[in-house]
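Heads up, the thing below is written out as C-alpha cells.
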Amino acid sequence: MSNKQQLLIVIALCGGLALLWFFKQNPALNNLNAALQADARLQAYPYTFRTIKIEGDVATLTSPRSPQVSVLQFLQIAKPNLDTSNPDSPSMIAAQKELAQVQEQAADIAKAQPGIKSVQWEIDRSWYASHGIIVE
C-alpha cells in the first residue's frame, strides 16, 4: 500500500469520526451544560456538575453524592483543608449542607431549561477514578 493510499485512509477515518461526533451532538445537552458552567456559585464549587444525557423531559446529571461513596471521602478530595476527623463538627455539617445546596441549585438550573421537568443523578465514576477511587 502506498503512502498516498494510507494518507487517504487516515483522512477518511478522521472524516468519519468527525461526522459521528457531529451527529451525536445534542443541543439541549450542550445548552444545559453551558447554563451549569455559567452559574457563579457552581463555578466556585470544587466539583463540576455536568449533564450526561437528556431523555424526554428528564436530565441526568453527574453527582459526587452516592450511597457508594461517603460524603467524607468526597469532602476530603474536594476540600482538602477541611478537618474531616469529626463528621459532626460545625464545619463538616456546613460543608455537607453546602454540597446539598449546590446540587439542588444544579437541579434547579436543569429544570429551568425548556423541556426539562426532572433530574436524575448518576455517580461521577470518572471524577472519583481521577482521584484514585474506584466506584463499583
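Each salt bridge (Lys or Arg N to Asp or Glu O under 4.0 Å) pair with one or both residues in residues 28-38, not counting sequence neighbours, would appear here, but there are none. Residue pairs meeting the salt bridge (Lys or Arg N to Asp or Glu O under 4.0 Å) criterion with at least one member in residues 78-90, sequence neighbours excluded: Lys79-Glu98. Residues in residues 90-118 take part in no ring-ring contact (aromatic ring centres under 6.0 Å, His included) pair, two or more places apart or across chains. Applying the ring-ring contact (aromatic ring centres under 6.0 Å, His included) test to pairs two or more places apart or on separate chains, those with a residue in residues 54-107 are Phe74-Trp127. Counting only residues at least two apart or on different chains, no ring-ring contact (aromatic ring centres under 6.0 Å, His included) pair has a member in residues 81-116. Among residues at least two apart or in separate chains, there is no ring-ring contact (aromatic ring centres under 6.0 Å, His included) pair with a member in residues 87-107.
The line from CZ of Arg41 to CG of Asp39 is 8.5 Å long, rounded to the nearest 0.5 Å. We find the CG-CD distance between Leu29 and Glu55 to be 11.0 Å, quoted to the nearest 0.5 Å. Here the CD-CD1 distance, from Gln120 to Ile54, works out to 12.0 Å after rounding to the nearest 0.5 Å. Rounding to the nearest 0.5 angstrom, the gap separating the CE atom in Met92 from the CG atom in Asn86 is 8.5 Å.
Taking 4.5 Å as the limit, some side-chain heavy atom of Val119 sits within range of a side-chain heavy atom of Lys111. In this structure the side chain of Val58 never reaches within 4.5 angstrom of the side chain of Ile116, judged on heavy atoms. When side chains are defined from C-beta on, Trp121 does not count as touching Arg65, because their heavy atoms never get closer than 4.5 Å.
Under the side-chain hydrogen bond (donor to acceptor under 3.5 Å, both in side chains) criterion, Ser91 pairs with Ser89, not counting sequence neighbours. Partners of Ile133 according to the side chain to side chain contact (heavy atoms under 4.5 Å, CB included) rule, which considers only residues two or more places apart in sequence or in another chain, are Gln73, Ile77, Tyr128, Val135. Under the ring-ring contact (aromatic ring centres under 6.0 Å, His included) criterion, Tyr45 pairs with no residue, sequence neighbours left out. Contacts of Glu104 classified as side-chain hydrogen bond (donor to acceptor under 3.5 Å, both in side chains), with partners at least two apart in sequence or in another chain: none. With sequence neighbours excluded, the residues forming a side-chain hydrogen bond (donor to acceptor under 3.5 Å, both in side chains) with Gln68 are Ser66, listed by chain and number. Among residues two or more places apart in sequence or in another chain, the salt bridge (charged side-chain N to carboxylate O under 4.0 Å, His left out) test is passed with Arg50 by Asp124.
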**Request:** Starting from the C-alpha separation in whole Å, work towards a yes-or-no answer on side-chain contact (heavy atoms from CB on, under 4.5 Å) for Gln96 and Leu75.
**Result:** CA-CA 8 Å; Gln96 292 179 51; Leu75 291 173; 3.9 Å; yes

**Item:** Intermediate values then yes/no, side chain to side chain donor-acceptor pair (under 3.5 Å), Asn31 and Gln113
**Value:** CA-CA 8 Å; Asn31 289 340; Gln113 300 302 303; over 6 Å; no

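Remark: the backbone N or O of Lys53 is not paired with any side-chain donor or acceptor of Thr51 at under 3.5 angstrom.
Between Glu122 and Thr60, the side chains place no donor N or O within less than 3.5 Å of an acceptor N or O (distance only, hydrogens not considered). Under the 3.5 Å distance criterion, with hydrogens and angles disregarded, a donor-acceptor pair is assigned to the side chains of Thr62 and Tyr47.
The two residues Ile134 and Ala129 come nearest to each other via the heavy atoms CD1-CB, 4.5 Å. Shortest non-hydrogen contact noted between Leu32 and Leu61 is CD2-CD1, 4.2 Å. When all heavy atoms of Ser63 and Phe49 are compared, the pair lying nearest together is CA-CE2, 4.3 Å. Taking both residues in full, the closest heavy atoms of Ala35 and Ile109 are given as CB-CG2, 3.8 Å, listed atom of the first, atom of the second, then distance.
Taken together through direct or relayed side-chain contacts under 4.5 Å among Ile, Leu, Val, Met, Phe, Trp and Tyr, Leu72 and Val102 form part of one hydrophobic cluster.
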